[in-house]
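As the structure is a prediction and not an experimental result, all values here were calculated from the model.
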Amino acid sequence: MIQAKGEMTLITLPKDPEKEQWDGFRFGTAGAISEFGATKAAVLAELDNVAFAALDGTAHVVYLFNDTILREKIASWRDAIAAKVRMGASAPTSFMDLSPVVSEMRLRKGAEEIAIMEVAAQISVEAHKQAMRCVRPGMKEYQLEAELNYVFMKSGARQPAYNNIVASGCNACVLHYIKNDEVIEDGDLILIDAGAELGCYAADITRTFPANGKFSEPQAALYQVVLDAYHAGMKELTVGTPYEACHNAAVRTLTEGLVAHGLLSGDVNFLIESKAYRDFYMHNTGHWLGLDVHDCGAYKVAGESRLLEEGMVLTIEPGLYVSADNQSVDAKWRGIGIRIEDDVLIRADGPYVLTHGLPKEIRDIEALMAESR
């Protein structure tokens, strides 16, 4: 709680040897000051008294509006102070949401944050490689998921950044498939969307690969379209380029590929304008990444797509999803779901892929999988 410029009071659990015997070490009020730089410290039981003292006579309060519990507490403190106005108390009258300021700060990563995110990314890369090496037709999807979690945890990432998606066959057409309990069949493509969380920072990777180690001709054809869209979008991830340019480039490449392979017909510009491609590609080509997997930060400024800046981190994730029930396309395409996703740091010298080292070219995926067969 900020009491005045340059001062911070940190509320903490009290030192309690008996409880620490059961639940672990506590810093207490002394540690709050010596280890965390607080000006003052108080125990949790004193929170209301500290808050009343801080807010009484304060005109302006700045806090995160999106924290429901905090918002309710501040309202209760304000009301309690207002009830004592006849006794000389003075309740705050102005409240400002700090969320936009914090969101902008979180949008631009510092060197320490980037270093943690790259470690999280590389742990995730190794987990995806492990999945590619060990997959076999006949496995359950959750058995493959276990390989991911094993690599995460043994590498120091105690949990995934979000629910792992391990989707085989037509399950890959369900964008947030998390059941992960079906049998992986010979000839299936497997779409894995999984990332480790390390030091509260998220990684986010998707790869699509064949269960038996070899792409079929239709699978390879659509995979190459998605890969081409990935490369087209990557060219737009430069300082000063509008955020939406990556998506627009990917959409054009995907639409051109859908027309070339007969899944759509007509003029590419019209198909893009009418959003006909959304039958096969219904999400954006990326999102901010950081303390949350879908991190905070505005995508538009003054109604315009914001320009990319050095230090921003985002994903790039084009995909194609052909429903198994789509009767408008040749049967050979049905049930194919593909997504390719990496984590990218915007730098002055061009985009830097934090999730480097994980194959995405068809030949490289098949070569990695062949090593263990």
Is the distance between the ring centroids of Tyr321 and His283 under 6.0 Å? yes
Using modelled atom types only, decide if a donor and an acceptor are shared between the side chain of Thr208 and the backbone of Arg339 within a distance under 3.5 Å. yes
Could you check whether Lys129 pairs with Glu126 (Lys NZ or Arg NE/NH1/NH2 to Asp/Glu carboxylate O, under 4.0 Å)? yes
Does Lys300 have more than 12 heavy atoms from other residues, nucleotides or ligands lying within 6.0 Å of its NZ? no
Salt bridge or not for Asp186 and Lys214, using N-O below 4.0 Å? no
When rounded to the nearest 0.5 angstrom, what distance separates CG in Leu107 from SG in Cys296? 7.5 Å
When you measure from the side chain of Asn180 to the backbone of Val166, do you find a donor-acceptor pair of N or O atoms at a distance under 3.5 Å? yes
Could you give me the CA-CA distance, side-chain angles and deciding distance for Phe65 and Tyr63, then say whether ring pair (Phe, Tyr, Trp, His ring centres under 6.0 Å) is met? CA-CA 6 Å; Phe65 281 21; Tyr63 68 100; 4.8 Å; yes
For Lys109 and Arg106, indicate whether the former's side chain and the latter's backbone hold a donor-acceptor pair under 3.5 Å. yes
Less than 4.5 Å apart, any side-chain heavy atom of Phe280 and any of Leu264? yes
Taking atom CZ of Arg136 as the centre, report whether more than 12 heavy atoms of other residues, nucleotides or ligands fall under 6.0 Å from it. yes
With a 3.5 Å cut-off and no angle check, do the side chains of Asp343 and Thr355 form a donor-acceptor pair? no
Criterion side chain to side chain contact (heavy atoms under 4.5 Å, CB included) against Ile338, the qualifying member of Leu227, Leu189, Leu191: Leu189
side-chain contact (heavy atoms from CB on, under 4.5 Å) for Phe36 and Thr12? Distances and angles first, verdict last. CA-CA 11 Å; Phe36 298 102; Thr12 181; over 6 Å; no
Examine the side chains of Glu341 and Thr206 and answer whether a donor and an acceptor come within less than 3.5 Å of each other. yes
Going by the angle between their ring planes, with limits at 30° and 60°, are Phe25 and Phe27 parallel, tilted or perpendicular? perpendicular
With a 4.5 Å cut-off on side-chain heavy atoms, are Thr238 and Leu308 touching? no
Any side-chain heavy atom of Glu185 sitting closer than 4.5 Å to one from Ser168? no
Under the criterion ring-ring contact (aromatic ring centres under 6.0 Å, His included), which of Tyr230, Phe215, Phe209 is the partner of Tyr223? Phe215
With a 4.5 Å limit on heavy-atom distance, are the side chains of His60 and Met96 in contact? no
Have Tyr177 and Glu141 got a donor and an acceptor in their side chains that come within less than 3.5 Å? yes
So, Glu113 side chain and Gly110 main chain: donor-acceptor pair closer than 3.5 Å or not? yes
Counting N and O atoms only, with roles assigned by atom type, does the side chain of Arg207 sit under 3.5 Å from a partner on the main chain of Met132, one being a donor and the other an acceptor? no
Would you say Tyr162 and Ile192 are hydrophobically clustered, going by side-chain heavy atoms of ILVMFWY under 4.5 Å? no
Any salt bridge linking Lys360 with Asp342? Criterion: basic side-chain nitrogen under 4.0 Å from a carboxylate oxygen. yes
Assess whether atom OH of Tyr299 is packed by more than 12 heavy atoms of other residues, nucleotides or ligands within 6.0 Å. yes
Looking at Gly286, is its backbone amide N or carbonyl O close enough to the side chain of His247 to form a donor-acceptor pair, meaning the two atoms are under 3.5 Å apart? no
Report yes or no: does Arg334 contribute a side-chain atom to a donor-acceptor pair with the main-chain N or O of Asn326 at less than 3.5 Å? yes
Would you mind reporting whether Asp228 and Leu254 have side-chain heavy atoms less than 4.5 Å apart? no
Check step by step if side-chain contact (heavy atoms from CB on, under 4.5 Å) holds for Glu182 and Asp188. CA-CA 12 Å; Glu182 295 195 16; Asp188 280 350; over 6 Å; no
Do you see a donor-acceptor pair shorter than 3.5 Å between the side chains of Arg71 and Asn66? no
Check the side chains of Thr241 and Glu236 for a donor-acceptor pair under 3.5 angstrom, ignoring hydrogens and angles. no
Answer yes if Leu314 and Leu345 sit in the same cluster of Ile, Leu, Val, Met, Phe, Trp and Tyr residues linked by side chain heavy atoms under 4.5 Å apart, and no otherwise. no
Give a yes or no on whether a salt bridge exists between Lys332 and Asp330, defined as a side-chain N under 4.0 angstrom from a carboxylate O. no
Are Ile165 and Tyr142 connected in a single hydrophobic cluster, I mean Ile/Leu/Val/Met/Phe/Trp/Tyr linked by side-chain heavy atoms less than 4.5 Å apart? no
Under 3.5 Å, is there a donor-acceptor pair linking the side chains of Asn164 and Asn149? yes
